[in-house]
2 protein chains.
Amino acid sequence: MTKIPYKIYLSEDEMPGNWYNLKAVMKELPTPFIHPGTLKPCTADDLRPVFCCDLVDQELNTTDKYIEIPEGIRDFYKMFRPSPLVRAYCLEKLLDTPAEIYYKFEGNNTSGSHKLNSAAAQVYYAKQQGLTSLTTETGAGQWGTALSMACAYYDMALTVYMVKISSQQKPYRKAVMETYGAQVVPSPSNTTEAGKKILADNAETGGSLGCAISEALEVAAKSDNCRYVLGSVLDHVLLHQSVIGQETKTACEKYDINPDIIIGCAGGGSNLGGLIAPFMGDNIDGKNNIKFIAVEPASCPSMTRGKYALDFGDTGQTTPLIRMYTLGSGFMPAPNHAGGLRYHGMSPIVSKLYHDGYMEARSVEQTKVFDAATTFARCEGILPAPESAHALRVAMDEALKCKETGEKKTILFGLTGTGYFDLGAYMSYNEGSIVDYIPTDEDLEKGFASLPDVDVDL
Amino acid sequence: MTKIPYKIYLSEDEMPGNWYNLKAVMKELPTPFIHPGTLKPCTADDLRPVFCCDLVDQELNTTDKYIEIPEGIRDFYKMFRPSPLVRAYCLEKLLDTPAEIYYKFEGNNTSGSHKLNSAAAQVYYAKQQGLTSLTTETGAGQWGTALSMACAYYDMALTVYMVKISSQQKPYRKAVMETYGAQVVPSPSNTTEAGKKILADNAETGGSLGCAISEALEVAAKSDNCRYVLGSVLDHVLLHQSVIGQETKTACEKYDINPDIIIGCAGGGSNLGGLIAPFMGDNIDGKNNIKFIAVEPASCPSMTRGKYALDFGDTGQTTPLIRMYTLGSGFMPAPNHAGGLRYHGMSPIVSKLYHDGYMEARSVEQTKVFDAATTFARCEGILPAPESAHALRVAMDEALKCKETGEKKTILFGLTGTGYFDLGAYMSYNEGSIVDYIPTDEDLEKGFASLPDVDVDL
């Protein structure tokens with residue numbers, strides 16, 4: 001066996017031609033979206049006014065294990081993929097562990113994260129359908145940036161409703177999106193009825209993700225040639241993100257790497273679901289026995305302390321009902337620095353797999369996350385996004401366990417992005433001023449009180 | 001011939017084992033450093049108190065064409081190299097040009113630029129010599145960040161004197177360096193005599209690169225175990241940067257790519273000198289006939305409007321005299337957004353090659369540079385550093401010429417880094433508020449007046 005290179009890059013020929021549809025291999029399927037009025041499953045017709053047609057088909061597809069990645073998307077993927085699978089030789093040495101540690105690094109593109117994988121696909125299909133514009137919301141800014149890049153590439157107009165306080169705190173994120181040609185509207189704004197209403201109630205509000213979603217949805221609903229797009233949670237987003245797992249699996253097979261543990265951070269679940277997809281499929285089929293670990297912040301513990309229940313996807317309670325692990329759409333997460341993990345719910349696919357015992361979940365505190373991030377930056381070079389460092393933290397913990405037991409496990413984690421736009425958080429850490437937020441049981445009860453008092457048995 | 005992939009990554013086995021020393025193949029050598037007191041060439045003994053020994057040897061080496069890259073540096077290079085040589089298919093299509101365009105992209109590391117190539121080498125040799133700490137200065141922050149990363153990797157203490165106004169304008173650059181463990185001191189400071197003197201004269205000053213250099217040099221000179229390191233201009237820095245050219249040449253040979261034109265931006269000249277090194281060597285030997293173009297800002301036109309003369313490397317006139325293209329150490333460049341190109345002089349090797357007719361030089365205005373940068377970001381994905389976009393601008397101009405003439409030339413340029421920490425500049429461009437600075441002849445005369453009135457004939 002030749003030494004495994006520090007970075008494994010697949011060739012263009014080896015890049016996956018298909019996404020991996022986990023729902024086609026799951027023994028039991030997640031509950032479909034439920035219409036909150038009728039309490040019946042949403043049909044394709046219910047979804048098409050909001051999402052473009054191909055994405056609706058993908059959202060509802062439970063039969064095709066492989067879905068071909070169109071050439072027009074594969075061409076775009078070639079600009080920033082394949083992403084490297086990196087052997088963390090330096091981290092292993094530093095930890096003095098017998099474990100082998102690998103990470104799949106998705107940060108080598110201007111948006112700085114894996115979000116571009118689904119942005120590319122969603123804009124491509126919108127273009128195919130003849131749509132002329134898209135709307136979305138962004139909080140921390142990773143998704144808005146990724147979508148701006150994809151819209152520039154496919155020549156599609158884009159309006160991003162950016163949480164106002166975030167657009168003020170992160171003017172550079174706004175500048176990147178504008179450089180890519182997107183119109184960025186701080187939300188709440190006077191451009192929508194939803195925004196006007198909120199401003200009338202409180203002119204000084206800094207906005208919220210829930211409000212930005214409402215504004216983006218309203219604009220999309222007004223025009224036949226416009227649709228709304230979303231960067232996580234939904235099944236079709238997980239499908240697109242499976243390109244991460246497909247590449248990882250090809251690289252592992254090429255170099256005979258057999259992960260014992262695969263770890264991903266989980267906010268809405270798209271990166272985790274994408275990374276594990278083909279490996280999980282093999283687990284379900286009994287072909288391997290990998291331990292999967294979802295890592296969430298202790299401040300927003302939807303899997304480790306939430307309920308598996310029907311809930312709305314947004315704070316404004318306007319979406320279909322989704323059965324997922326949730327803290328309740330009324331739960332207000334503390335201002336943890338990993339903005340991308342500050343979501344009350346979890347992907348229905350990831351939730352179902354966790355509920356059925358196919359994976360574990362852990363929550364970690366952010367001080368320990370930044371300890372890991374700083375250690376990693378110094379020895380492996382890459383400055384991780386706070387979100388990504390959640391997975392790193394648990395990978396390091398598992399490697400340290402191996403040091404104790406002497407086990408030579410193979411640990412693989414998803415390094416979803418870089419922290420170049422999160423340096424305010426690193427500054428706080430360097431100054432010793434970040435703190436850990438752990439919701440009390442009382443805090444959680446308040447969130448659970450917002451859960452709708454309905455259920456269905458399909 | 002198979003289609004050339006969008007991105008060419010060499011394998012680890014194909015990575016260069018040697019740097020390329022241009023001085024060993026040049027028909028005439030640059031004038032050596034001249035001691036301003038004696039007007040005699042500086043000896044190794046003159047340089048060793050300031051620079052570490054191996055670097056002094058490399059600085060003075062005029063005989064060895066190839067210098068082996070030590071394994072301890074190659075291991076670090078594997079963390080962020082090989083860098084991709086990218087075929088700009090999308091840009092070619094957008095420009096509708098028959099030309100083939102390639103770029104060597106050095107931005108895929110946390111420091112965001114090629115600077116890490118020399119930082120790695122300089123810290124490695126300092127460590128080998130048993131030194132315990134280093135000092136340097138940084139303005140825009142790319143060099144300071146690269147050096148911080150290298151010092152973290154090799155476990156070496158580092159103090160960075162950062163121009164005070166820059167440390168205030170770019171707190172995130174400071175945060176990155178501190179995350180990597182460097183001590184960042186806004187300059188002028190009370191930690192040195194030079195700094196105290198400047199503060200006594202003007203307590204409110206925002207500092208300057210010249211002042212920061214003086215502070216860093218003073219601290220290094222005080223301790224036997226500390227040395228000063230520099231990120232450009234010097235021959236040994238160009239030598240380390242030749243890893244860019246070595247990789248590029250290997251990739252070109254592997255895919256039968258034969259550049260007609262190679263273009264690089266030039267501030268101190270290290271990236272350009274490194275990119276062209278082995279190609280220039282072949283030109284000198286008559287083995288090929290590539291056109292080389294150095295691109296500088298119209299606001300700081302050291303090659304296109306400067307003099308080839310003996311001059312100091314710093315504003316404080318404390319360095320040895322260097323024969324180079326210069327605007328005079330007293331020239332004050334306008335506040336162009338490409339901070340890395342705001343230097344009055346130019347690498348003596350690059351200057352000599354230009355003086356002897358081996359390359360061309362062009363100056364470009366920054367509005368046109370940002371036009372090119374934005375176009376490139378939208379079609380090729382990567383948001384370039386303003387410095388790098390100077391080379392891009394001329395590459396696009398050459399490709400457009402090919403469109404007019406119908407010539408199918410192969411154009412290769414160096415994309416030295418990303419603009420993630422330069423978004424203030426992009427914001428100004430998006431708002432239409434950036435302007436072009438072109439020094440008048442009178443402005444230039446003021447700079448030339450600072451040239452020392454000496455010459456030597458060796």
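Only this structure's heavy atoms are used, side chains among them; waters, hydrogens and symmetry mates stay out. So you know, we letter chains A, B, ... as the sequences are listed, proteins then strands, and number each from 1.
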- prompt: Using 30° and 60° as the class limits, which term best fits the ring planes of B:Y9 and A:Y9: parallel, tilted or perpendicular?
  reply: parallel
- prompt: Could you give the distance from OG (A:S148) to CG (A:L134), rounded to the nearest 0.5 Å?
  reply: 11.0 Å
field: Heavy-atom contact with chain B under 4.5 Å, split by part of A:N109
entry: backbone
- prompt: If you measure from the Lys or Arg side-chain nitrogens to the Asp or Glu carboxylate oxygens, is any gap between B:R173 and B:D422 under 4.0 Å?
  reply: no
query: Which bit of A:T418 comes within less than 4.5 Å of chain B, counting heavy atoms only: side chain, backbone, both or neither?
result: neither
- prompt: B:Y6 versus chain A, heavy atoms under 4.5 Å apart: side chain, backbone, both or neither?
  reply: both
- prompt: Would you find a donor on one side and an acceptor on the other, under 3.5 Å apart, between the side chain of B:S428 and the backbone of B:G424?
  reply: yes
message: With chain A as the partner, which of B:I8, B:D75, B:L116, B:N430 has the greatest number of non-hydrogen pairs under 4.5 Å?
response: B:N430
- request: Counting only heavy atoms closer than 4.5 Å, note whether A:C90 contacts chain B via side chain, backbone, both or neither.
  value: side chain
query: Are any of the side-chain nitrogens in B:R378 or A:D155 under 4.0 Å away from the carboxylate oxygens of its partner?
result: no
statement: Under 4.5 Å to a heavy atom of chain B? For A:R87 that would be neither
task: Measure distances from A:Y172 to the heavy atoms of chain B and classify the residue's part below 4.5 Å as side chain, backbone, both or neither.
output: both
message: Quick one: does any side-chain atom of B:Y77 pair with a main-chain N or O of B:V243 as donor and acceptor, under 3.5 Å?
response: no
- prompt: Contact part of A:P84 toward chain B, heavy-atom cut-off under 4.5 Å: side chain, backbone, both or neither?
  reply: neither
- request: Against chain B, label A:E178 side chain, backbone, both or neither, depending on which of its atoms sit under 4.5 Å from a heavy atom there.
  value: both
field: Greater than 12 external heavy atoms within 6.0 Å of B:E431's CD
entry: yes
- prompt: Quick one: of B:Y89, B:Y420, B:Y429, B:Y426, who has the most non-hydrogen atom pairs under 4.5 Å with chain A?
  reply: B:Y420
message: Salt bridge or not between B:E106 and B:R81? Use side-chain N to carboxylate O under 4.0 Å.
response: yes
query: In terms of heavy-atom proximity below 4.5 Å to chain B, should A:F421 be classed as side chain, backbone, both, or neither?
result: side chain
